[in-house]
There are 2 protein chains.
Amino acid sequence: MLVDKDAVGRATEMGDLSPRPLRKDAEVNRERVLRSARELFARYGLQTTLDDIARHAGVGVGTVYRRFPSKEALVEALFEQRVQAILDLAKNSLEFDDPWKGFVNFLERLISMEAKDRGLRELVLSNDYGGEKVRLLKEQIEEPVNEIVDRAKRAGYLRSDFSATDIVVVTAMIGTADEYCAYVDESMWKRYLVFLLDGLRASRELTTPLPNEGLSVDEVKEAMGNWKRRVQRPNASEFLRGSPGCKQDEIFDHQNLTILDIQ
Amino acid sequence: MLVDKDAVGRATEMGDLSPRPLRKDAEVNRERVLRSARELFARYGLQTTLDDIARHAGVGVGTVYRRFPSKEALVEALFEQRVQAILDLAKNSLEFDDPWKGFVNFLERLISMEAKDRGLRELVLSNDYGGEKVRLLKEQIEEPVNEIVDRAKRAGYLRSDFSATDIVVVTAMIGTADEYCAYVDESMWKRYLVFLLDGLRASRELTTPLPNEGLSVDEVKEAMGNWKRRVQRPNASEFLRGSPGCKQDEIFDHQNLTILDIQ
DNA sequence: TAGAAGTGGAGGGAATATCTCCAGTTAAGG
DNA sequence: CCTTAACTGGAGATATTCCCTCCACTTCTA
């Protein structure tokens, strides 16, 4: 007699009534897969293959596919909470006394999250990936973001012709600056966010001090050479080391937000 | 006895002593290929396959490969003059009386060229494509650009912490805004260039009027849905029509530069 | 009209990605 | 400790995609 394995998987995934817990070793493997996927998606984006994820996790592909019937299921399992974090961020940013600081806080933290997680950026900016749950969460972000923008405009800090819909494009733009420079300097995107923020203020006398020096000529060439080609896939040596701590662990850190402090 | 066919091709390519002119029909086909490549590279980027170019040109792949021994040769043949045009633009921009206008002129025209030609953007921002000749031309651009930036800074218009190396990144950023929005509105990148330029001025009282309205919520969703997936390759119907006028023909137009006028 | 020049597009070869299958291994429960 | 259901690895089926070659056939040219 056959047990519906998918049902077990799904139930575990959804956290509801579990017909039967996973066998101990299976559970260990499942966690390895999740950890591996989190790390590789963050570093190489959502186009990472399940084969790579399996190899990096130290398990066979079959194991991955039994636990997650499709790539989308895996993405959904991983990113639901991350998108929820963005939603929370948006709501928190509404509680700043200074509406401009709320606006800057939202942008800086959002882009910081995306800078550390290429997969998250792809998920947020595109509609290709992510299933129903992610889609619903994404929709909910719209409202608080509208309010963040309106508040900052009403207070006279944010230029009045800025639109809430510009947020997505601005995010994509800084994301590009990040992808272009990250190979040389991981926090260089902040420089370009300051440029842009100085353009979004309703008025200003001076410029905001920049948190980073510009790239040198050689660094630009390096960035150019690595752009779009920059490690699209893990290389062999990537698989030899065990999974080191994943960057995403830092994401909820209250790390210093340079730009917010400057403003 | 065998004639070195490559030599013929190359000689024709290089415009120097031609051992023998191409047969009439061959010459026609060669031009069809160039025209087709120009159009498809502009629309879909340099990753367009030679198979697609051949099909769109209405010739066989073999014909393409006899004329252009490799994809790189074809790219080089097409883009040498385009990169030269950028170099000319940089030099011209130095002749503006107002250094700020020179700076804006350079950025707006450069990005305008790239917005109409995805292949050109890829060629400029990356080192992957383009052979020796293109590389040399690209290097020559550095000097006048340095001067454009320095002049605008010296005159007190451009913020003093801006670096000439920021130009590449800024170009990439606006390029992303363009790719994100172009499907909905081809000139939307100008909106984001104004945002950014307002951030690059040393000081300002007010904001510059925007040349475009922001996207509507539905338009953002459309853009999201099409981003990165947005027609990566020509579809079947693309090949049925003959080559319509290529966008690149407009590139040297002295079309109205909205932003320059506004400033 | 001979034969050199040119042509189309099938298909070889090399990647890449997703997902299936099953002989063999391992944990859990009696 | 032994049985057996659960689980495992990874080869390989299937399906793409892309670059480029090859050659029987066609077309131009002298």
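Chain A is the first sequence line, chain B the second, and so forth, proteins listed ahead of strands; every chain is numbered from 1. These numbers were taken from a predicted model, which means no experiment stands behind them.
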Interatomic distance where [atom1] belongs to [X] and [atom2] belongs to [N] [whole Å]:
X       : N      : atom1 : atom2 : result
A:Asp52 : D:dG10 : CG    : C1'   : 14 Å
B:Leu22 : D:dC28 : CG    : P     : 14 Å
A:Ile53 : D:dG10 : CD1   : P     : 17 Å
B:Lys24 : D:dA30 : NZ    : P     : 10 Å
B:Glu27 : C:dG6  : CD    : C1'   : 13 Å
A:Arg55 : D:dT8  : CZ    : C1'   : 17 Å
A:Asp51 : D:dG10 : CG    : C1'   : 9 Å
A:Phe68 : C:dT20 : CZ    : P     : 16 Å

Any carboxylate oxygen within less than 4.0 angstrom of a Lys/Arg side-chain nitrogen, looking at A:Lys116 and A:Glu186?
no
Quick test of your reading of the model: are A:Arg43 and A:Glu39 salt-bridged, counting only N-O distances below 4.0 Å?
yes
Please check this pair: side chain of A:Lys221 against backbone of B:Asn127, looking for a donor-acceptor N/O pair closer than 3.5 Å.
no
Tell me whether the side-chain N/O atoms of A:Arg67 come closer than 4.0 Å to OP1 or OP2 in D:dT8.
yes
According to a strict under-4.0 Å criterion, is A:Asn29 in side-chain N/O contact with OP1 or OP2 of D:dC7?
no
[X] side-chain proximity, nearest of [options]:
X       : options               : value
B:Thr63 : D:dG10, C:dT18, C:dG8 : C:dG8
A:Lys71 : D:dC7, D:dT21, C:dT18 : C:dT18
B:Arg66 : D:dC20, C:dG6, D:dG10 : C:dG6
A:Val59 : C:dG8, D:dG9, D:dC20  : D:dG9

Is there a side-chain contact between A:Asp185 and A:Glu219, using heavy atoms and a 4.5 Å cut-off?
no
If you find the nucleotide of DNA chain C closest to A:Asp25 and the one closest to A:Leu50, which residue's nucleotide is nearer the 5' end?
A:Leu50
Using heavy-atom distances to pick each residue's nearest nucleotide on DNA chain D, tell me which of A:Gly60 and B:Ser70 is more 5'.
A:Gly60
When only distance counts, do a donor and an acceptor, one from the side chain of A:Arg23 and one from the base of C:dT26, lie under 3.5 Å apart?
yes
Ignoring hydrogens and geometry beyond distance, is a side-chain donor-acceptor pair present between A:Tyr192 and B:Asp166 at under 3.5 Å?
yes
